[in-house]
Enquirer: 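First the structure, which I've put down as structure tokens, then a few questions once you've had a look.
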There are 2 protein chains.
Amino acid sequence: MTNKPTIRDVAKHANVSPATVSYVLNGVKKVSDKTKIRVLEAIEQLGYYPDFTAVSLSKRKSNLIGIMLPLTDDMPDNATASVLKNNLYYNEFISGVEMVAREQQFDTLLTGVADQEECRKWVKKRNLDGLIFLGIFPKSIFEQMSKLGIPIVLIDTYEEYTKLFNNVQIDDELGGYLAANHLIKLGHKNIAFVSTNLNLSPVDTKRFTGFKKALNEAGLEVNNHLLFETREITFENGMEIAEKILNENKELTGIVTVSDILAIGMIKAFQYHQKHVPNDFSIVGFDDLSISQFTTPSLTTIKQDIFKKGEKAAELLMNNIGDQGVERQIIELPVQLVVRESTKKIVSN
Amino acid sequence: MTNKPTIRDVAKHANVSPATVSYVLNGVKKVSDKTKIRVLEAIEQLGYYPDFTAVSLSKRKSNLIGIMLPLTDDMPDNATASVLKNNLYYNEFISGVEMVAREQQFDTLLTGVADQEECRKWVKKRNLDGLIFLGIFPKSIFEQMSKLGIPIVLIDTYEEYTKLFNNVQIDDELGGYLAANHLIKLGHKNIAFVSTNLNLSPVDTKRFTGFKKALNEAGLEVNNHLLFETREITFENGMEIAEKILNENKELTGIVTVSDILAIGMIKAFQYHQKHVPNDFSIVGFDDLSISQFTTPSLTTIKQDIFKKGEKAAELLMNNIGDQGVERQIIELPVQLVVRESTKKIVSN
DNA sequence: GGGTTTTGGTTAACCGGTTAACATACGTTT
DNA sequence: AAACGTATGTTAACCGGTTAACCAAAACCC
């Protein structure tokens, strides 16, 4: 009796067949109240609970969902971990997913995938019930994925293949607009835009569109020399860009970034070179990570609720796992300008 | 052929029995080279790869490891997520685990567990192959866990039940010592110690021991009024403690904390009340999180390699999962004082 | 050349659930 | 009273692997 009891043990104990126990467990209405009670008692007495592995095998349902993180092709295979490590954004998102998933007896698996083949295999190997794609992926991967036959939720994705999947996103264009507009209102005229590669990131492109729109409305030129792209979102890369700005002696006072991480890195580099934020440069971040109100200066930023994004993504996924025919949905979460200390009114000198 | 091929498909294709394929897959030396090649070709041609669910069921091995996070009893069940969200420490650790696990085809599951029953069930349900306990748990849980029959690695644990399990830890006492000693060398005499509840956290107690040792060696009194405990490690709690220090008008110039998170929160609160770090207070953090060199002032802290801690934990676990008879091991990782901007020499006024 | 290993392979039960198909008893309908 | 649903179970195959037990042929031994 030291071993975990099986469904057959329960059946024997309640004097019914294993099938009946299974029916009780799954709420199939084929069992009389009298026997149902007997079975429930047996379950109680033996301390029985089902083995997910066995359930997975026979039901083809693992109660496992996967979160896919992008690996750019030049990253080593194990880059997942380092991406995770550095990017607080992922962290908050995943927490949100976990939260909702756990409530429904689901567990969450993480992976970074280099190519679609690997991804497909992972899904099949583990019998994953649903998938969340977090970040930017090569388009080709989605074609493959659509054949997998499991619900998929995309986060922050704008390509046309979006039409096939659920989507949780924010109004990135508005975000870019709000950030730029804030600086414009403060009197800034030479405003930089700091992002990842615009060719690769539709999200950043949207934000840039909003950025341009604000500038245009204010009658300002979008200066290509004030456009900075970096490969990855890390503190260090933020520093590099700041140094580049100083080295090249760019004429600018305002900076819009696509991430708090970049903004924090930039501020640090500026400080290092005796430049003051916000006196010399006003910087707007993006995301409003939990750290962002505790830096000095605290960050003016475009707030999005990343945690909720994760929750919504999980909810969408769970609904789709439940019943198939559900309509594909797009959820757009609000963004909001949060003014703190990293931006200030420009003083005409 | 749209469906994933099974081992029987491969068998048919190679004109052998499923058993033979299985033997090839598992490197059992019962197959001639000639047939082995045939089987391998069939696998290749069909694009076969095993179903982990089925393997789990028959082998009782899931290639899944679990990371247990502590839930204090007054937290709601879904507090895992919020713990994860707020504590960058966990984040880095988990990244390290993931890294090593993935290399060996393992996936990682996270959970917070309130009581041992829940934990035991989770392990059994998912057929977990190994477990990592990250943080402080009630002692009783370990007695239960030792009966589970799977390898276990404890992180930062000092109780005597440690004798039963593997352990990855740092020299916490040295850490506390180095932090206090650093402040003493800078001329500080009134030094506070900020931690979680010392009754509950052996780790913090060790650090406090080192702290006291440094003070004693320098002929300084350990003042109980300068001892601050908080329930949770969050930025906000750091702020609260700082405010308490200011409100109660404590006479102190140096502060040793058990976490960068607390230190960052404290610095922010001090700044808010027009106090300057390090001019008014010198603060030493603990951990050296990735953010800690980018705050202002950047943090003087006791560096530990959390990521490596995760890696080591996973390695230990993997070794134990491989062959059973391995000796229990304790790994102690180094700590190191990193001097940055949050501490400075005291000026006699 | 007959007996014994060794080599290389197959068969079939098993892991712990699920579920389609079948069986029986009982109440209803006509 | 025959025919037919309906409610309540059971049987047994199945999910996709693993592995103990068995077996035939070849190799080895005197």
Side-chain angles (χ1 to χ4, degrees), chain A residues 1 3-40 42-43 46-64 105 121 123-129 149, chain B residues 1 3-40 42-43 46-64 105 121 123-129 149:
Chain A
M1 195 41 68
N3 257 336
K4 183 179 175 323
T6 73
I7 202 170
R8 292 172 222 266
D9 295 328
V10 174
K12 217 164 288 174
H13 197 267
N15 249 312
V16 294
S17 72
T20 301
V21 179
S22 177
Y23 289 141
V24 170
L25 251 22
N26 291 287
V28 177
K29 32 124 213 58
K30 283 187 68 172
V31 189
S32 73
D33 287 353
K34 216 170 56 175
T35 34
K36 184 186 289 185
I37 289 174
R38 264 211 335 282
V39 169
L40 256 19
I43 288 175
L46 299 183
Y48 168 85
Y49 48 96
D51 180 321
F52 275 38
T53 308
V55 176
S56 295
L57 186 57
S58 66
K59 274 199 189 168
R60 273 74 245 302
K61 179 172 186 313
S62 59
N63 272 41
L64 239 34
Q105 298 253 50
K121 280 191 184 175
V123 170
K124 290 295 188 184
K125 267 196 231 174
R126 289 280 181 205
N127 263 304
L128 300 187
D129 295 335
Chain B
M1 196 40 67
N3 257 338
K4 183 177 175 325
T6 74
I7 202 171
R8 292 171 222 268
D9 296 328
V10 175
K12 217 164 288 174
H13 198 268
N15 250 312
V16 294
S17 72
T20 301
V21 178
S22 177
Y23 289 141
V24 170
L25 250 22
N26 290 288
V28 177
K29 32 127 212 55
K30 283 189 67 170
V31 189
S32 73
D33 288 353
K34 214 169 59 174
T35 35
K36 185 185 289 185
I37 290 174
R38 261 210 337 281
V39 170
L40 256 18
I43 288 176
L46 299 184
Y48 169 85
Y49 48 95
D51 179 324
F52 274 38
T53 308
V55 177
S56 295
L57 186 57
S58 65
K59 274 200 191 168
R60 277 71 246 301
K61 179 170 186 309
S62 58
N63 272 44
L64 239 33
Q105 298 254 48
K121 280 191 186 176
V123 170
K124 290 294 189 184
K125 268 196 231 177
R126 290 280 183 205
N127 264 303
L128 300 188
D129 295 336

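Model, not experiment: these values are computed from the prediction. Naming convention: chains lettered A, B, ... in sequence-line order (proteins, then strands); numbering from 1 in each chain.
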Enquirer: Please test A/Asn127 against A/Ser56 for side-chain hydrogen bond (donor to acceptor under 3.5 Å, both in side chains), starting from the C-alpha separation and ending with a verdict.
Expert: CA-CA 7 Å; A/Asn127 263 304; A/Ser56 295; over 6 Å; no
Enquirer: Using a cut-off of strictly less than 4.0 Å, decide whether A/Ser17 has a side-chain nitrogen or oxygen near OP1 or OP2 of D/dT10.
Expert: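 So the side chain of A/Ser17 is within the cut-off, an N or O lying under 4.0 Å from OP1 or OP2 of D/dT10.
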Enquirer: Which whole-number value in Å describes the distance from A/Asn3 CG to C/dC15 P?
Expert: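 About 11 Å, once rounded to whole Å.
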Enquirer: Could you check A/Val21 against B/Lys34 and say which one's nearest nucleotide on DNA chain C is further toward the 5' end?
Expert: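 The residue whose closest nucleotide sits nearer the 5' end is B/Lys34.
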Enquirer: Would you say NZ of B/Lys125 has more than 12 non-hydrogen atoms from neighbouring residues, nucleotides or ligands within 6.0 angstrom?
Expert: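 It does: B/Lys125 NZ has more than 12 such atoms within range.
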Enquirer: Are the side chain of B/Asp51 and the backbone of B/Thr53 linked by a donor-acceptor contact shorter than 3.5 Å?
Expert: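 Flag set: sc B/Asp51 to bb B/Thr53 pair under 3.5 Å.
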Enquirer: Could you state the atom-to-atom distance from CD1 of A/Ile7 to C1' of C/dG17 in whole Å?
Expert: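 Rounded to the whole Å, the gap is 6 Å.
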Enquirer: For A/Asn26 and D/dG9, what is the distance between atoms CG and C1' respectively, to the nearest whole Å?
Expert: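 Rounded to whole Å, this separation is 16 Å.
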Enquirer: Nearest to the A/Thr20 side chain among D/dT10, D/dG17, C/dG17, which nucleotide is it?
Expert: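 Nearest listed nucleotide: D/dT10.
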Enquirer: Describe the nucleic acid contact of B/Val16 in one word from base, sugar-phosphate, nothing, applying a heavy-atom distance below 4.0 Å.
Expert: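 Counting heavy atoms under 4.0 Å across all strands, the contact made by B/Val16 is with sugar-phosphate only.
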Enquirer: Would you say the base of D/dA7 and the side-chain of A/Tyr23 have a donor-acceptor pair closer than 3.5 Å?
Expert: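 Not at all, since no donor on one side and acceptor on the other fall under 3.5 Å apart.
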Enquirer: For a quick check of understanding: with a heavy-atom distance under 4.0 Å over all strands, which category does B/Ser22 fall into, base, sugar-phosphate or nothing?
Expert: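 B/Ser22: base contact, heavy atoms under 4.0 Å.
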Enquirer: How close or far is atom C1' of D/dG16 from atom NZ of B/Lys59, stated in whole angstroms?
Expert: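 The answer, rounded to whole Å, is 13 Å.
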Enquirer: Calculate the interatomic distance between B/Arg126 atom CZ and C/dG16 atom C1'; express it in whole Å.
Expert: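 These atoms are roughly 15 Å apart.
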Enquirer: Contact class for A/Arg8 vs. all strands (heavy atom < 4.0 Å): base, sugar-phosphate, or nothing?
Expert: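 Counting heavy atoms under 4.0 Å across all strands, the contact made by A/Arg8 includes a base.
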Enquirer: Could you give the CG-to-P distance, from A/Asp51 to D/dC15, as a whole number of Å?
Expert: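 After rounding, the gap between these two atoms is 19 Å.
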Enquirer: Round to a whole Å and report the spacing from OH of A/Tyr48 to C1' of C/dG17.
Expert: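 Whole-Å distance recorded here is 7 Å.
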Enquirer: Side chain of A/Ala19: nearest nucleotide among D/dG16, D/dT10, C/dG9?
Expert: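 The answer is D/dT10.
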Enquirer: How is A/Phe52 classified with respect to the nucleic acid when contacts are heavy atoms under 4.0 Å: base, sugar-phosphate, or nothing?
Expert: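 Result for A/Phe52 = nothing.
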Enquirer: Taking OP1 and OP2 of D/dT18, is either one under 4.0 Å from a side-chain nitrogen or oxygen of B/Arg60?
Expert: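 Checking B/Arg60 against D/dT18: no side-chain N or O falls below 4.0 Å of OP1 or OP2.
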Enquirer: Closer than 3.5 angstrom, by distance alone: can the side chain of A/Lys4 be matched with the main-chain N or O of A/Tyr49 as a donor-acceptor pair?
Expert: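 Answer holds: yes.
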Enquirer: Reckon B/Thr6 touches a base, only the sugar-phosphate, or nothing at all at heavy-atom distances under 4.0 Å?
Expert: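 B/Thr6: backbone/sugar contact only, no base atoms under 4.0 Å.
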Enquirer: When we call it a touch if two heavy atoms are under 4.0 Å apart, what does B/Thr35 touch: a base, just sugar-phosphate, or nothing?
Expert: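 Answer is sugar-phosphate: B/Thr35 comes under 4.0 Å of backbone atoms only.
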Enquirer: What integer distance in Å separates B/Lys12:NZ from C/dT11:P?
Expert: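 Spelled out: NZ on B/Lys12 to P on C/dT11 is 12 Å.
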Enquirer: Looking only at side-chain atoms of B/Ser32, point me to the closest of D/dG16, C/dT11, C/dG9.
Expert: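 Output: C/dG9.
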Enquirer: Using a 6.0 Å cut-off, check whether atom NZ of A/Lys12 has over 12 heavy atoms from anything other than its own residue.
Expert: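 Incorrect, the count does not exceed 12.
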Enquirer: Does B/Lys36 NZ have over 12 foreign heavy atoms under 6.0 Å away?
Expert: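 For B/Lys36, atom NZ is not crowded (no more than 12 foreign heavy atoms under 6.0 Å).
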Enquirer: Where the side chain of B/Pro50 is concerned, which of D/dG9, D/dG17, D/dT10 is the nearest nucleotide?
Expert: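 Closest nucleotide to the B/Pro50 side chain: D/dG17.
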Enquirer: Tell me whether the side-chain N or O atoms of B/Lys30 pair up with the base of C/dG9 as donor and acceptor below 3.5 Å, since no angle test is needed here.
Expert: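 Side chain to base: pair found, below 3.5 Å.
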